[in-house]
Each structure stands twice: as structure tokens, then as C-alpha cells.
2 protein chains.
Amino acid sequence: MIDRSATAVRPLPDELADRIDLAAPVFADNGLDATRIDDLAKATGIPRATLYYYFPGKEHILAHLLSRTLRQMTATLSDVAAEPGTGRERLARLVRAHLVFIGEHGPTYRLLFAELGRAASLVDIAAGVDVAILSPIRQALRDGHNDGSLHIDDVSAAASVVYGAVLVTGMQHLLLGTSGDLANRADAISNVILRGIGGQRTPRQSRRTTTGGT
Amino acid sequence: MIDRSATAVRPLPDELADRIDLAAPVFADNGLDATRIDDLAKATGIPRATLYYYFPGKEHILAHLLSRTLRQMTATLSDVAAEPGTGRERLARLVRAHLVFIGEHGPTYRLLFAELGRAASLVDIAAGVDVAILSPIRQALRDGHNDGSLHIDDVSAAASVVYGAVLVTGMQHLLLGTSGDLANRADAISNVILRGIGGQRTPRQSRRTTTGGT
DNA sequence: GTGACGATTGGACGATACGTCTAAGCTACG
DNA sequence: CGTAGCTTAGACGTATCGTCCAATCGTCAC
């Protein structure tokens, strides 16, 4: 379903489908609007007129590429989620796989989110993000709750926490080029998420060290 | 420092500074590129030539607006963070205040992130986000750890988790128009973060209910 | 072989915005 | 009164978009 709307009106020949991938780095470097159709033509070797023959505009070319990446991500994550283990184990694996994916598809992933809110044709993609990312997380959470390896009160809140942690960590990595190893970060945030940051079981609000904020 | 680069080259007269705010909804509705300078001129009542007199281009107008919102957010959050209480209490308040802010400044907030990666002039803003958002969180986390109300092993991982949860929740609200009350969601994610989603204290990986994934 | 049809592509075109620039008017201050 | 800076209308030149046309080419059916 993503295919029909996000991709070309005419079916894209295989040979073209391969070449069009060369447009990804161009978009990644420049963003949607700074990218000129002529740049895409040059980068892909597909003449401008031909691009317009298959795509209504550059925005749809981007949509095509993003939906492709999204499909990859969906496949990757759902594979990981399908491996056996407790929900808890699978959740940790998901977090890790997701971060690794971000590490590998950095520019495109960033593009995915940079352009998400924009361009009407990308709406399908926004929905796809939910399916690709949140749904396997929710599933692992539910399974973990059922098999006793996790304790979930509010699945959607928990999913937001998990995904948010991954997203922010990934984006910090992409935008700020934070310290190397994403796999380590994955473990760190999994730890936080699993154990929580609450102090002792019975929190004592007695001592208040009013550390002067700022 | 944000001021000098992100705002105008010439000092912006007060009267203009007020009017220029009217450009925010236009940007919010259309995004950076779909917004025409003439639209801004019309919306603000400031003639095109005058806009160009003070700003090098529309991109800088947006930067001006965003840095303004960012300052507001910085102020709001640091106020909240400064209120007395345990780190844990202040963290919860931060989460709530942040989500409320998102609820109130929805379109601009979304714009803030939609345009973050783009446009060279917005780099300062990316740095500002870190200062405005993550730094008070980290502070609350540290204080909470010191006063015993929180238990933090890895401050930066914990901060990513907290901020990620807020961001994703807020974005879901903005993009998908999820169910109403952001304050409720704030409590829900605070709960998750504080308590963690790990099952019993000693996780048993014995029983594996291999719930068919997908 | 020939004709038809779709794919392919170069190049021209009109439209839209951008950002620049000029020149005229206005305000304020000395 | 004169200078300096602010303000603004409008004209320009440039870039890019998306459309369109015409020429070419390959393939398939008859």
C-alpha cells in the first residue's frame, strides 16, 4: 500500500529502480529542497525528462527512497523481534538492532525524520514509522509482560519511553557525532529502562537537598 | 550568543520584533520552504523590502522565531527545575512542564524539530536545544542521585531516556493528535521511567513463552 | 517488412520566487 | 537646514520548477 502511493504512478523499471538509489546521498546531503532535480539527474544518470516521466516531482522521489529504507527497517526489526527469547530479551535486542540500523543508515534515517512532518506525499511514511518501529516494541513489551520477564502497566507509555530513548540516542549520535559505540549505548539505555531510575523501593521524600538549580 | 548569529544583522526595532511574531503561524502551517517571503510580508504587515533590510532571508526569520521559542522554553524549564524538592520531584515536574509546553506551542515546537537538521543558520539552535532541554534534566538527575530520591548509573543514558520519552509522546500528540491529556501522559511516562519495566527484581529467564512475533 | 505503441530524452517554455538594487520619501537630530 | 539612517515600492536578473513537444528507438503483432 505504501508502494502504490509513495512510489511512481507508472511502474518503475528495474534498471531505473537501481539507479534511483543513487539519489539517496544527494538528498541526505542537501535535504529535500536544497536538492535540485538536475542534481538528481546527474547523480543517477537518469535524464531529467525521464525522472519526470516516472515521478511527479522530487518529493515523490524522496518518498520512494524513504519508503524503501522504511521497508528495510521494518524487515530488520521484525526479524529481530521474531527471534526466540523472553520479551525482555527481545526488547533489548530490538533496541540494539534499531541503534545499529541508525548507525548504518545514518543520513537516510535522519532524512526520514527531518522530512517527516513535511510534504503531503510523505504521510504514508509517517504511518509506516509507527508500524515499523513502535509495533514490534509494543509486541515485545506485551510478550514480556505475559512471560513475566517484564512488568508493564501502560504499554503505550512504555513503548514511548523505549522508542524515545532509542531515537534521542540515535539522533545525538547523528547530529552531534557523540562518542562511538552505539551498541554500548544500547545496553546503557536498556539498563535504565529496565531498572528504572527510581531510588530505593520506598522513596523517602524526607531529606531535601535543595541543590540550587539554574 | 544565540542572539547575534540567529537573529538579525541589524538590531531589530521593538515594533518590528512584535510584528515579526505573526510570521510564526505561517511558518508553522507551511514549513520553511513552502513559506513565501510575500506571505510573511502580508502576515506581519512588514513590507518585503523591510524584511530584507533586517534579515538576510526567510531562513533567518525562522531562526529568529525559533530561537525566541527556545529561549521561552529554556526559561520555563529552568524555572520549573529551580523549584524546591527532591531531584525526583523536580524531574517529574520537568517532564510535565515540558509536555505542557509542547501542548501550548505545538506548531512552533514541531517546526523547531522539523527544521533542526537543516539550514546552516539553525545550528546554534541545535546546540540551544541541548542547553534548554537536556541540561535541566541532567541536573535534576544528578541532584536526585545525590539526595537519594533517584538512582542513576549513567546520567547521559538516563537523560536520553527521559527526554526521548517526552519527545516521542509530544510528537505523537502533535502529529497523530493522540488522545487528549498531556498531563496524564506525563505521569504515565514518569511512572515508567522511575519504576522501570523490568519484571521482578531477580529476572528469571527460565520460562520462555515464545510468543510468535511479527 | 511495416506500422503502432510505449519508452526515452533533449531542449524550449512559462511561471514563480528569490534576493538585489535603486530611488524616493520620511524622521530625527544637531 | 542638512545629514544620516529608516522605510518602502517596484523593477530586475537569476534559478528552478514542472510542462510540453518532437525526435528517436525498441518491440511486438500482423
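Convention: sequence-line order gives letters A, B, ...; per-chain numbering from 1. The figures here come from the full heavy-atom set of this structure, side chains too, leaving out hydrogens, waters and symmetry mates.
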Rounded to whole Å, please give me the gap between CG in L51(B) and C1' in dA17(C). 14 Å
Rounded to whole angstrom units, what separation is found between the CD1 atom of I61(B) and the C1' atom of dG19(C)? 12 Å
Protein-nucleotide distance (R36(B), atom CZ; dA17(C), atom C1'), rounded to Å: 6 Å
Measure from CG on D33(A) to C1' on dG18(D) and round the result to the nearest Å. 15 Å
Would you please test H98(B) and Y109(B) for side chain to side chain donor-acceptor pair (under 3.5 Å) and show each step? CA-CA 11 Å; H98(B) 193 159; Y109(B) 191 91; 2.9 Å; yes
Per atom distances to the Y53(A) side chain, the nearest of dC17(D), dC6(D), dT8(C) is dT8(C)
Is a side-chain donor or acceptor of E89(B) paired with a backbone partner of T86(B) at a separation under 3.5 angstrom? yes
Candidates dG19(C), dG18(D), dT8(C) - which lies nearest the side chain of I37(B): dG19(C)
Using residues 35-43 of chain A as the side-chain source, report each donor-acceptor pair under 3.5 Å to any protein atom, sequence neighbours left out, with the distance given to one decimal.
{"residue": "T35(A)", "atom": "OG1", "partner": "G31(A)", "partner atom": "O", "Å": "2.6"}
{"residue": "R36(A)", "atom": "NH1", "partner": "D33(A)", "partner atom": "O", "Å": "3.1"}
{"residue": "R36(A)", "atom": "NH2", "partner": "D33(A)", "partner atom": "O", "Å": "3.1"}
{"residue": "D39(A)", "atom": "OD2", "partner": "R36(A)", "partner atom": "N", "Å": "3.3"}

Quick check: do N191(B) and D154(A) have side-chain heavy atoms less than 4.5 Å from each other? no
Look at the side-chain N and O atoms of T50(A) and state whether any lies under 4.0 Å from the OP1 or OP2 oxygen of dT8(C). no
Round to a whole Å and report the spacing from CG of N30(B) to C1' of dA17(C). 14 Å
Shorter than 3.5 Å, N or O on both sides, protein versus nucleotides 19-26 of chain D: list them out with atom names.
{"residue": "dT19(D)", "atom": "O4", "partner": "R48(A)", "partner atom": "NH2", "Å": "3.2"}

Spacing between I46(A) atom CD1 and dG10(C) atom P, to the nearest angstrom: 12 Å
NZ/NE/NH1/NH2 to OD/OE distance under 4.0 Å, D143(A) and R88(A): no
Are R185(B) and S156(A) linked by a side-chain donor-acceptor pair shorter than 3.5 Å? yes
Between C1' on dC26(C) and CD on E15(B), what's the gap in Å once rounded to a whole number? 15 Å
Is there a side-chain contact between L194(B) and L150(B), using heavy atoms and a 4.5 Å cut-off? yes
For DNA chain C, which residues in residues 19-28 of chain B have a heavy atom at a distance below 4.0 Å? none
Cationic N near anionic O, under 4.0 Å, E83(A) to R90(A): no
Closest non-hydrogen atom pair between L112(A) and L70(A), with its separation: CD2-CD1, 4.1 Å
Considering only heavy side-chain atoms of P47(B), the closest of dT7(D), dG10(C), dA9(D) is dA9(D)
How long is the line joining NZ of K42(B) and C1' of dT8(D), in whole Å? 18 Å
